[in-house]
Amino acid sequence: GYQLKQTRNDVDWAMTRYHNRLAFGFLTPQEQQRVSDAYKTYQAAFTDAVKQVNGNYNTPTPANVKQLADQLFSILDSIP
């Protein structure tokens, strides 16, 4: 299945692209807020999932974390 480390890497890569766009001023304050809120929610769930498996990033990603990551990707993809 899809492992926590894969989820982390995918989100980190997407957020790096986001921060690069942010640095050039390509995002509205509303877009920035949506991404920030979605990322905070995802990060809290991810951190909790990692704690539950004692830091084993090879564990399958829980459904709620995958859903929140997908939601974050959807928000990032919606930004022109």
Side-chain angles (χ1 to χ4, degrees):
Y2 198 69
Q3 299 172 338
L4 283 168
K5 67 181 175 184
Q6 292 168 301
T7 304
R8 179 194 59 201
N9 291 343
D10 290 349
V11 169
D12 286 353
W13 179 248
M15 290 304 291
T16 296
R17 288 192 315 262
Y18 164 76
H19 284 110
N20 288 341
R21 293 188 70 206
L22 182 62
F24 286 101
F26 292 138
L27 303 161
T28 68
Q30 294 85 359
E31 291 167 338
Q32 292 174 43
Q33 189 61 51
R34 287 181 61 213
V35 172
S36 177
D37 290 347
Y39 182 73
K40 286 177 189 172
T41 303
Y42 154 80
Q43 190 63 43
F46 182 86
T47 300
D48 186 50
V50 170
K51 286 180 185 174
Q52 288 181 15
V53 296
N54 299 316
N56 182 356
Y57 287 90
N58 293 317
T59 302
T61 301
N64 68 316
V65 175
K66 180 82 170 93
Q67 179 184 10
L68 291 169
D70 288 344
Q71 180 180 348
L72 176 59
F73 295 141
S74 177
I75 291 169
L76 291 169
D77 289 345
S78 75
I79 297 171

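A quick note: this is a predicted structure, and the numbers were derived from the prediction, not measured.
- Pro62 and Leu4 make their closest contact through CD-CD2, 3.9 Å (heavy atoms, listed as atom of the first residue, atom of the second, distance).
- Residue pairs meeting the side chain to side chain donor-acceptor pair (under 3.5 Å) criterion with at least one partner in residues 68-80, sequence neighbours excluded, are Lys66-Asp70.
- Residue pairs satisfying the salt bridge (Lys or Arg N to Asp or Glu O under 4.0 Å) criterion with at least one member in residues 20-36, sequence neighbours excluded, are absent.
- Contact annotation: the side chain of Val35 never approaches that of Leu27 to less than 4.5 Å [non-hydrogen atoms, C-beta and beyond].
- Residues passing the side-chain hydrogen bond (donor to acceptor under 3.5 Å, both in side chains) test with Asn64: none are found, sequence neighbours excluded.
- The OG1 atom of Thr16 sits 8.0 Å away from the NE2 atom of His19 when rounded to the nearest 0.5 Å.
- Between Met15 and Leu72, some side-chain heavy-atom pair lies under the 4.5 Å cut-off.
- Placement of Phe26 and Leu76 in two distinct hydrophobic clusters is found when ILVMFWY residues are connected by side-chain heavy-atom separations under 4.5 Å, directly or transitively.
- Rounding to the nearest 0.5 Å gives a distance of 8.0 Å between OG1 of Thr47 and OH of Tyr42.
- By the criterion of side-chain heavy atoms lying less than 4.5 angstrom apart, applied directly or through intervening Ile, Leu, Val, Met, Phe, Trp or Tyr residues, Ile75 is grouped together with Leu22 in one hydrophobic cluster.
- Every residue two or more places apart in sequence or in another chain that forms a side chain to side chain contact (heavy atoms under 4.5 Å, CB included) with Arg8 is listed here: Lys5, Asp12, Phe46, Tyr57.
- With sequence neighbours excluded, no residue forms a side-chain hydrogen bond (donor to acceptor under 3.5 Å, both in side chains) with Tyr18.
- Taken to the nearest 0.5 Å, the CD1 atom of Ile79 stands 11.0 Å off from the CD atom of Gln30.
- Ser36 pairs by the side chain to side chain contact (heavy atoms under 4.5 Å, CB included) definition with Lys40, not counting sequence neighbours.
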